[in-house]
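Sharing a structure below in structure tokens format, with a few things to ask.
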Amino acid sequence: MIRKYIQNSLTALVLLSIFTVTPALANDIYIEQVGDTLDLDITQDGQNNVIGTSSTDVNLDGDSMTFAITQTGSANSIIANIKGNSYTGAWTFTGDSNAVNLSCASGSGTKCETVTLNVTATGDSNTFDFDIGDVADAAGSQVAFTVTGDGNVIKSAVDGKSTILTVSMNNSASSASGGAASGLLSSSGSGNVVDVNIDGDGDSAGHTVILDITGGASSYTVTQSGIYDNMLNADFDGDDQDVDITQSD
């Protein structure tokens with residue numbers, strides 16, 4: 001009887017092992033690059049994918065770089081650090097709860113002088129944290145966000161001359177709920193959050209922020225400082241907007 005019980009137990013253990021499914025692993029990418037004229041395209045499809053982490057991020061060091069990312073899926077993350085004088089990027093995201101963190105020449109001796117970056121996202125509860133240029137280094141930045149969905153967050157700091165930053169957001173419902181205090185990388189509901197800070201020496205062109213907002217219950221903070229010619233062009237369509245604007249020479 002004891003022997004038969006042991007045999008049955010072993011059979012059950014073998015069957016359990018056969019039918020145990022190992023979860024699929026995400027795609028992880030870590031890159032260390034030094035050299036000019038890099039042309040890098042990354043495409044990831046799925047969820048829980050990673051491009052760099054806080055301890056092992058993506059470091060790209062060189063001038064005249066082109067760096068494009070396309071992520072499709074949810075709960076993906078990106079942490080990238082770019083060091084160079086000129087950079088062109090097109091980043092496209094489709095999915096929810098993705099987190100993107102970009103530093104361009106932040107904390108380095110190199111300047112991030114000329115940046116052209118277009119970010120397009122469709123989905124909910126995504127966060128975008130972008131820091132471009134050391135103090136007064138980004139000489140000709142053009143950064144554009146086009147985001148469709150609920151509860152998305154954009155936090156962008158750009159230091160330098162002649163910066164043009166455009167944010168187009170649509171969370172569809174004029175009576176959307178929630179929102180959050182600006183500066184937080186989260187939203188308490190379907191309202192979106194935008195925190196923009198442009199600093200450094202403006203010139204004859206100055207700094208320009210363009211906001212094109214459709215949907216309600218969102219929070220926006222815009223801070224511009226420098227020498228003359230700060231300009232804000234904002235168009236809001238929706239209920240319960242919370243907007244704070246500070247400009248100084």
Side-chain angles (χ1 to χ4, degrees), residues 16-84 86-108 110 112 115-132 143-157 167-171 184-187 190 192-194:
L16 181 61
S17 299
I18 292 174
F19 289 102
T20 298
V21 178
T22 301
L25 298 177
N27 297 309
D28 292 358
I29 297 175
Y30 311 99
I31 299 173
E32 292 279 349
Q33 151 72 19
V34 178
D36 298 336
T37 64
L38 171 68
D39 188 349
L40 174 63
D41 297 319
I42 296 177
T43 300
Q44 287 183 319
D45 192 348
Q47 63 182 10
N48 298 314
N49 295 312
V50 173
I51 300 177
T53 67
S54 58
S55 58
T56 311
D57 56 3
V58 173
N59 284 297
L60 306 179
D61 192 344
D63 296 332
S64 302
M65 285 187 288
T66 300
F67 178 24
I69 294 176
T70 300
Q71 276 190 338
T72 302
S74 299
N76 300 308
S77 67
I78 297 174
I79 298 179
N81 186 23
I82 296 173
K83 300 177 182 180
S86 55
Y87 165 67
T88 300
W91 295 20
T92 303
F93 305 94
T94 302
D96 305 328
S97 302
N98 297 304
V100 184
N101 188 311
L102 170 66
S103 295
C104 192
S106 179
S108 73
T110 57
C112 204
V115 176
T116 301
L117 177 61
N118 293 300
V119 180
T120 303
T122 302
D124 302 332
S125 303
N126 299 299
T127 61
F128 302 95
D129 189 355
F130 285 64
D131 187 354
I132 297 176
V143 182
F145 293 90
T146 303
V147 180
T148 302
D150 298 336
N152 294 300
V153 178
I154 296 174
K155 187 174 186 294
S156 183
V167 177
S168 298
M169 301 190 84
N170 186 339
N171 64 338
L184 301 178
L185 286 177
S186 64
S187 174
S190 53
N192 294 316
V193 177
V194 175

(request) Sequence neighbours left out, what passes side chain to side chain donor-acceptor pair (under 3.5 Å) with Thr70? Give chain and number order. (result)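 For Thr70 there are no side chain to side chain donor-acceptor pair (under 3.5 Å) partners, ignoring immediate neighbours.
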(message) Using a 3.5 Å distance criterion without hydrogens, assess whether the side chain of Asn192 forms a donor-acceptor pair with backbone atoms of Gly151.
(response)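 Between the backbone of Gly151 and the side chain of Asn192 there is a qualifying donor-acceptor contact (under 3.5 Å).
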(message) Does any part of the side chain of Val119, heavy atoms only, come nearer than 4.5 Å to the side chain of Ile154, both counted from C-beta?
(response) no
(message) If I take atom OG from residue Ser77 and atom CG from residue Asp28, how far apart are they, to the nearest 0.5 angstrom?
(response)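 The OG atom of Ser77 sits 8.0 Å away from the CG atom of Asp28.
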(request) Determine the minimum heavy-atom distance between Asn81 and Ser103, stating which atoms define it. (result)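 That would be OD1-O, 3.1 Å.
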(request) Using a 4.5 Å cut-off on heavy atoms from C-beta on, say whether the side chain of Leu102 contacts that of Ile82. (result) yes
(request) Just do the side chain to side chain contact (heavy atoms under 4.5 Å, CB included) check on Val194 and Phe145 with the steps written out, would you? (result) CA-CA 11 Å; Val194 175; Phe145 293 90; over 6 Å; no
(message) Any side-chain to backbone donor/acceptor pair from Asp129 onto Asn101? Under 3.5 Å, distance only.
(response) no
(message) To the closest 0.5 Å, what do you measure between CD1 (Ile51) and CD1 (Ile31)?
(response) 7.5 Å
(message) What I'd like to find out is whether the side chain of Ser64 reaches to under 4.5 Å of the side chain of Asp36, using heavy atoms alone.
(response) no
(request) Could you tell me whether the side chain of Val58 reaches within less than 4.5 Å of the side chain of Ile42, counting heavy atoms only? (result) no
Show every donor-acceptor pair shorter than 3.5 Å between a side-chain atom in residues 91-100 and any protein atom, with sequence neighbours excluded, or say none if there are none.
unit_1: Trp91; atom_1: NE1; unit_2: Phe67; atom_2: O; d: 3.2
unit_1: Trp91; atom_1: NE1; unit_2: Tyr87; atom_2: OH; d: 3.0
unit_1: Asp96; atom_1: OD1; unit_2: Asp124; atom_2: N; d: 2.7
unit_1: Asn98; atom_1: OD1; unit_2: Ala75; atom_2: N; d: 3.2
unit_1: Asn98; atom_1: OD1; unit_2: Asn76; atom_2: N; d: 2.7
unit_1: Asn98; atom_1: OD1; unit_2: Asn76; atom_2: ND2; d: 3.4
unit_1: Asn98; atom_1: ND2; unit_2: Gly73; atom_2: O; d: 3.2
unit_1: Asn98; atom_1: ND2; unit_2: Asn126; atom_2: OD1; d: 3.3

(request) Return the minimal non-hydrogen interatomic distance between Asn152 and Ser125, and the atom names on each side. (result) OD1-N, 3.3 Å
(message) For the CG atom of Asn27 and the CG atom of Asp45, what is their distance to the nearest 0.5 Å?
(response) 9.0 Å
(message) Can you list everything that forms a side-chain contact (heavy atoms from CB on, under 4.5 Å) with Leu38? Sequence neighbours excluded, please.
(response) Gln33, Leu40, Leu60, Met65
(request) Output the distance between atom CG (Asn59) and atom OH (Tyr30), rounded to the nearest 0.5 Å. (result) 13.0 Å
(message) I need the full list of ring-ring contact (aromatic ring centres under 6.0 Å, His included) pairs touching residues 41-63, with sequence neighbours left out, sorted by first then second residue.
(response)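 ring-ring contact (aromatic ring centres under 6.0 Å, His included) check on residues 41-63 returns no pairs.
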